[in-house]
Amino acid sequence: MVKWYKEFFCGVANRYWDGAITLEQTLAECEFLTGLFPQQAKLLDIPSGSGRLAKVMLEHGFSITAVDVAAENIANLQTAVPGNKLNVVIADMIEYVAAEQFAGAYCFGNSFNYFDYRQTKKFIGNVSKALQKNSLFIVHSGAIAESLLLNLEERTWYNALGLDVLLEHSYNPLKSLLVTDYTFISEAGARNTRQIYHYVYTLAETKRLFADSGFKLREVYSDTIGSDYAVGCPDCYLVAEKV
């Protein structure tokens, strides 16, 4: 398996994502999470990325352990949150085995779909081991099959913080694998191209993955205000409970 995410999240890619996700979206997602987790709970943010969610969840009184493989992300997060308010860990999300128990965990930003079936099962299993009984594991994904395949475009342009970004997608149905080439174009015209992968599972397959690791899929929403999920909704928010 190509672990592209170990090299992707640095430099121009992080600059793009910092501008692409609005503060309004981050606040809405944190409000959604806050309404589901116990107040002031100890939570696992995996992977944390830039820490956009972790920083706001800390402000809401939660204790956060942020896990990410990208050293640049972790360094920036440590700078943004000085002192002992936040526990940060540099680790591959599928290799991380927690040394403590958490009252909840979340995985946002399509990170859930980075891996093939075997590796995804391993990831969910490790999260399950880190959670107390009846704790929630909340996942956001835009790569659930019923979402992605009905909305997939071959080419998409975005702009954020002075960067033009071209996404070129190709889908391999035999592997259920989405390959995306990112081309970052600066204001001066400099180009940087990177390739990423997402494995695409149906909602039923995802439910089975959770069940294999002791989770019950409790709710499936299409947004952060709790709307019911339906085929074609671009986003999927899954609320799984460890039973």
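Excluded from the calculations below are hydrogen atoms, water molecules and symmetry mates; all remaining heavy atoms, backbone and side chain alike, are included. Being a predicted model, the structure only gives us computed values, none of them experimental.
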Could you list the residues that satisfy ring pair (Phe, Tyr, Trp, His ring centres under 6.0 Å) with Tyr171, not counting sequence neighbours?
-> none
Which residues satisfy the side chain to side chain contact (heavy atoms under 4.5 Å, CB included) test with Ala80, sequence neighbours excluded?
-> Lys55
Partners meeting side chain to side chain contact (heavy atoms under 4.5 Å, CB included) with Arg118 (sequence neighbours left out) |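 For Arg118, the residues satisfying side chain to side chain contact (heavy atoms under 4.5 Å, CB included) (neighbours in sequence not counted) are Asp116.
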Is the ring pair [X]/[Y] parallel, tilted or perpendicular, if the boundaries are 30 and 60 degrees?
| X | Y | value |
| --- | --- | --- |
| Tyr16 | Tyr182 | perpendicular |
| Tyr114 | Trp4 | perpendicular |
| Tyr237 | Phe32 | perpendicular |
| Phe37 | Tyr106 | tilted |

Taking only distance into account, with no hydrogens and no angle test, what donor-acceptor pairs under 3.5 Å do side-chain atoms of residues 123-132 form with protein atoms, sequence neighbours excluded?
unit_1	atom_1	unit_2	atom_2	d
Asn126	ND2	Ile94	O	3.2
Ser128	OG	Ser213	O	2.9

Out of curiosity, [X] [atom1] to [Y] [atom2], how far, rounded to the nearest 0.5 Å?
| X | Y | atom1 | atom2 | value |
| --- | --- | --- | --- | --- |
| His169 | Ile196 | NE2 | CD1 | 8.0 Å |
| Asn76 | Gln78 | CG | CD | 9.5 Å |
| Thr183 | Arg155 | OG1 | CZ | 8.5 Å |
| Asp181 | Leu166 | CG | CG | 9.0 Å |

Show which side-chain atoms of residues 138-147 pair as donor or acceptor with protein atoms under 3.5 Å away, not counting sequence neighbours.
unit_1	atom_1	unit_2	atom_2	d
His140	ND1	Gly109	N	3.3
His140	NE2	Asp235	OD1	2.8
Ser141	OG	Asn113	OD1	2.6
Ser141	OG	Ala143	N	2.9
Glu146	OE1	Leu203	N	3.0
Glu146	OE2	Leu203	N	3.4
Ser147	OG	Tyr229	OH	2.6
Ser147	OG	Cys233	O	2.5

Assess the side chains of Thr26 and Arg52: does a donor N or O sit below 3.5 Å from an acceptor N or O?
->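 The criterion, which ignores hydrogens and geometry beyond distance, is satisfied for Arg52 and Thr26.
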Residues in salt bridge (Lys or Arg N to Asp or Glu O under 4.0 Å) with Lys42, at least two apart?
->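 Applying salt bridge (Lys or Arg N to Asp or Glu O under 4.0 Å) to Lys42 gives Glu100.
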Tyr199 ring center within less than 6.0 Å of Phe115 ring center | no
Any chance the rings of Phe112 and Phe210 have centres within less than 6.0 Å?
->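 Yes; Phe210 has its ring centre under 6.0 Å from that of Phe112.
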